[in-house]
Amino acid sequence: MRTTVGIVGGGPAGLLLARLLHRAGIDSVVLESRDRAYVERRQRAGILEQGTADVLRAAGAGARMDREGLRHDGIELRFERRRHRIDFPALTGGRAVTVYAQTEVCKDLIALQLAEGGPLLFEAEALDIDAERARVRFRHGGVESVLECDYVVGCDGSWGVARRTVPAGVSRVFERGYPFAWLGVLADVPPSHDELVYARHARGFALLSMRSPAVSRLYLQVPEGTDAEDWADDAIWTELERRFATDDGWRLARGTITQKSVTPMRSFVQEPMRHQRLFLAGDAAHIVPPTGAKGLNLAVGDVVTFARALVSERETGSPALLDSYSADCLRRVWQAERFSYDMTTLLHRAPDATAFEDRLQVARLERIGSSRAAATDLAEGYTGFPW
């Protein structure tokens with residue numbers, strides 16, 4: 001097989017890149033190791049920055065998002081049994097976020113790719129990548145084949161073959177682990193608040209989110225290594241009620257829990273994001289703790305940057321933007337890492353936290369609640385800086 005861009009990984013980053021290239025008249029082939037059903041039901045991110053939503057619309061993939069997605073103009077911070085709202089449009093000049101699950105983004109992009117785009121091969125496992133010659137050896141339907149490209153873009157996550165292709169001697173890894181995780185649940189109950197609620201509590205962090213007007217997504221900070229099945233449903237609801245409690249009588253609605261999972265927390269960046277003719281995008285190059293809602297949005301930024309660079313090369317003959325791809329992406333990546341780290345350390349209680357550190361967290365939250373400048377910094381980071 002021969003194509004201009006070989007895309008390894010058919011998640012939202014790889015699918016959006018294929019869509020952007022198709023709209024620009026550039027051919028591609030997407031190799032996804034899982035089957036279609038798995039990709040369309042894999043629960044991940046649910047918050048789209050303003051820029052991400054705008055890109056999906058411009059790519060012709062925003063119609064259902066605009067019908068079914070939930071525009072959010074703010075979030076609520078809770079601490080010391082008090083509530084404080086962060087008003088995004090007022091603080092950022094009109095920006096907002098959209099609640100629209102990654103599963104739905106993937107469904108929309110898959111449908112468009114199959115109807116209009118180039119080859120999208122499910123259950124096609126990339127075995128190895130030749131970064132110098134831009135060749136991908138893969139197995140599909142029990143048969144090994146080679147995909148020859150001008151460029152390969154690795155969108156196959158932190159454990160995929162693309163990141164492992166980069167020799168250790170030419171890359172540098174920056175990483176931080178956290179001694180806690182998130183216990184996440186999906187519940188068949190309307191959200192108890194119309195915006196996301198981020199709660200800091202002496203017993204740990206809690207997040208009230210949603211997937212639709214009828215389905216709630218909720219999270220509890222739990223110790224690292226927790227098994228989700230060790231938590232009974234009633235115990236989860238009781239702990240959520242405790243951490244979200246306020247002095248104004250707000251109540252958390254309970255419902256049937258349909259799914260439980262535990263998400264580990266880590267920060268990770270691999271530099272550079274390019275090696276020869278292989279470009280890394282999304283989780284293949286960087287991981288952020290989910291507190292800042294940045295993972296999917298960073299991946300979108302990466303593939304937009306690559307698509308624009310390749311179009312520029314086609315139109316001008318200059319590879320300048322391809323050559324600066326890694327540096328251009330990493331400036332945005334490190335700002336997202338900084339924001340996600342700040343949100344994580346602001347709201348989670350470390351197992352060995354001292355009374356001094358507890359009071360510092362409360363002081364930081366009170367500063368955000370009383371200072372427009374501090375609140376603006378949070379709102380700009382959450383909604384995403386313009387690309």
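Positions are given from 1, in the same order as the sequence printed here. Keep in mind the model is a prediction, meaning the values are calculated, not measured. We use all heavy atoms of the structure for the numbers below, so side chains are in, but hydrogens, waters and symmetry mates are not.
Looking at E366 and V362, their side chains come closer than 4.5 Å, going by heavy atoms from C-beta outward. Contact annotation: the side chain of L347 approaches that of L365 to within less than 4.5 Å [non-hydrogen atoms, C-beta and beyond]. Annotation: side chain of M65 is not in contact with side chain of V105 (no heavy-atom distance under 4.5 Å). Side-chain contact between S267 and P289 is present, with at least one heavy-atom pair separated by less than 4.5 Å. Side chains of Y382 and T92 form no contact here, defined as non-hydrogen atoms less than 4.5 Å apart. By the 4.5 Å heavy-atom criterion applied to side chains, L310 and D150 are not counted as neighbours. When side chains are defined from C-beta on, P213 counts as touching L70, because their heavy atoms get closer than 4.5 Å. The side-chain heavy atoms of K107 and V39, taken from C-beta on, include no pair separated by under 4.5 Å.
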Decide side-chain contact (heavy atoms from CB on, under 4.5 Å) for D188 and V215; before the verdict, give the C-alpha distance in whole Å, the side-chain angles of both, and the deciding distance to 0.1 Å.
-> CA-CA 5 Å; D188 287 337; V215 177; 4.1 Å; yes

Determine, step by step, whether L56 and L16 satisfy the side-chain contact (heavy atoms from CB on, under 4.5 Å) criterion, reporting the C-alpha distance in whole Å, the side-chain angles of both residues, the deciding distance to 0.1 Å, and the verdict.
-> CA-CA 8 Å; L56 290 171; L16 178 59; 4.1 Å; yes

Intermediate values then yes/no, salt bridge (Lys or Arg N to Asp or Glu O under 4.0 Å), R332 and D302 = CA-CA 9 Å; R332 184 186 64 257; D302 292 344; 2.6 Å; yes

Assess whether side-chain contact (heavy atoms from CB on, under 4.5 Å) is satisfied between I129 and R164, documenting all intermediate values.
-> CA-CA 9 Å; I129 299 172; R164 299 198 307 270; over 6 Å; no

Check against side-chain contact (heavy atoms from CB on, under 4.5 Å), L15 and L120 | CA-CA 9 Å; L15 292 167; L120 166 55; 3.9 Å; yes

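Under the 30°/60° scheme for interplanar angles, the aromatic rings of F306 and Y325 are found to stand perpendicular. Aromatic ring pairs are classed by plane angle as parallel below 30°, tilted from 30° to 60° and perpendicular above 60°; the pair Y198 and F205 is tilted.
More than 12 heavy-atom neighbours from other residues, nucleotides or ligands sit within 6.0 angstrom of CZ on R2. Annotation: E144, atom CD; neighbour count of heavy atoms from other residues, nucleotides and ligands within 6.0 Å is above 12. In this structure, Y341 places its OH atom where only 12 or fewer heavy-atom neighbours from other residues, nucleotides or ligands lie under 6.0 Å away.
Side-chain atoms of R78 do not come within 3.5 Å of backbone N or O of V197 as any donor-acceptor pair. Judged by distance alone, with hydrogens and angles left aside, the side-chain atoms of R23 form a donor-acceptor pair with the main-chain N or O of A58 at under 3.5 Å. With hydrogens and angles ignored, the 3.5 Å screen pairs no side-chain donor or acceptor of R217 with any backbone N or O of M210. Looking only at distances, no side-chain donor or acceptor of S371 sits under 3.5 Å from a matching main-chain atom of I368. At distances below 3.5 Å, not a single donor-acceptor pair connects side-chain atoms of R203 with backbone N or O atoms of E239. Checking side-chain atoms of S312 against main-chain N and O of R308 turns up no donor-acceptor pair under 3.5 Å. Counting only distance, with no hydrogens or angles, the side chain of W237 and the backbone of A253 share no donor-acceptor pair below 3.5 Å. For the pair S28 (side chain) and V5 (backbone), a donor-acceptor distance under 3.5 Å is absent. Between the Q50 side chain and the T383 main chain, no donor and acceptor come within less than 3.5 Å of each other.
In this structure, F268 is not a member of the same hydrophobic cluster as Y178, with clusters built from ILVMFWY side-chain heavy atoms closer than 4.5 Å. In this structure, V303 is a member of the same hydrophobic cluster as Y100, with clusters built from ILVMFWY side-chain heavy atoms closer than 4.5 Å. Hydrophobic clustering (side-chain heavy atoms under 4.5 Å, transitive across Ile, Leu, Val, Met, Phe, Trp, Tyr) keeps V29 apart from V146. Using a 4.5 Å cut-off between side-chain heavy atoms of Ile, Leu, Val, Met, Phe, Trp and Tyr, with links allowed through other members, I110 and L112 fall into different hydrophobic clusters. When the side chains of ILVMFWY residues are joined at heavy-atom separations under 4.5 Å, either directly or via intervening members, V152 and L121 end up in a single hydrophobic cluster.
How far CZ of R367 is from CG of L346: 13.5 Å, rounded to the nearest 0.5 Å. Here the CG atom belonging to L31 is positioned 9.0 Å from the CD1 atom belonging to I7, to the nearest 0.5 angstrom. Between the OG atom in S340 and the CD atom in Q335 there is a gap of 11.0 Å [rounded to 0.5 Å]. Rounded to the nearest 0.5 angstrom, Q361 CD and R200 CZ are separated by 4.5 Å. Note that CZ of F244 and CG of L240 are 5.5 Å apart. Values are rounded to the nearest 0.5 Å. Interatomic distance, E148 CD to R137 CZ, rounded to the nearest 0.5 Å: 14.0 Å.
Looking at every heavy atom in both residues, E116 comes nearest to R19 through OE1-NH1, 2.7 Å. The two residues L20 and A307 make their nearest non-hydrogen contact at CB-CB, 4.0 Å. Minimum heavy-atom separation, S171 to V166: CB-CG1, 3.8 Å. The shortest non-hydrogen separation linking A126 to V136 is CB-CG1, 4.0 Å. The two atoms that bring R71 and P89 nearest to each other are NH2-CG, 4.1 Å, heavy atoms only. L378 and F339 get closest at one heavy-atom pair: O-CE1, 3.6 Å.
Between the side chains of T238 and R254, a donor-acceptor pair is found at a separation under 3.5 Å. For the residue pair W334/E271, the side-chain donor-acceptor check at 3.5 Å is satisfied. A donor and an acceptor atom, one from each side chain of R266 and S158, are located under 3.5 Å apart.
The existence of a salt bridge linking D323 and R274 is confirmed by a sub-4.0 Å separation between a basic side-chain nitrogen and an acidic carboxylate oxygen. Looking at E337 and R176, no side-chain N of the basic residue comes within less than 4.0 Å of a carboxylate O on the acidic one, giving no salt bridge. Between K294 and E49 there is a salt bridge, since at least one side-chain N of the basic residue sits less than 4.0 Å from a carboxylate O of the acidic one. Comment: R277 does not engage D130 in a salt bridge, judged by the lack of any side-chain N to carboxylate O separation of less than 4.0 angstrom. Taking 4.0 Å as the cut-off between side-chain N and carboxylate O, R85 and E76 do not count as a salt-bridged pair. Salt-bridge annotation for R211 and E104: absent, with no side-chain N of the basic residue lying under 4.0 Å from a carboxylate O of the acidic one.
Residue pairs meeting the salt bridge (Lys or Arg N to Asp or Glu O under 4.0 Å) criterion with at least one member in residues 26-43, sequence neighbours excluded, are R36-E40.
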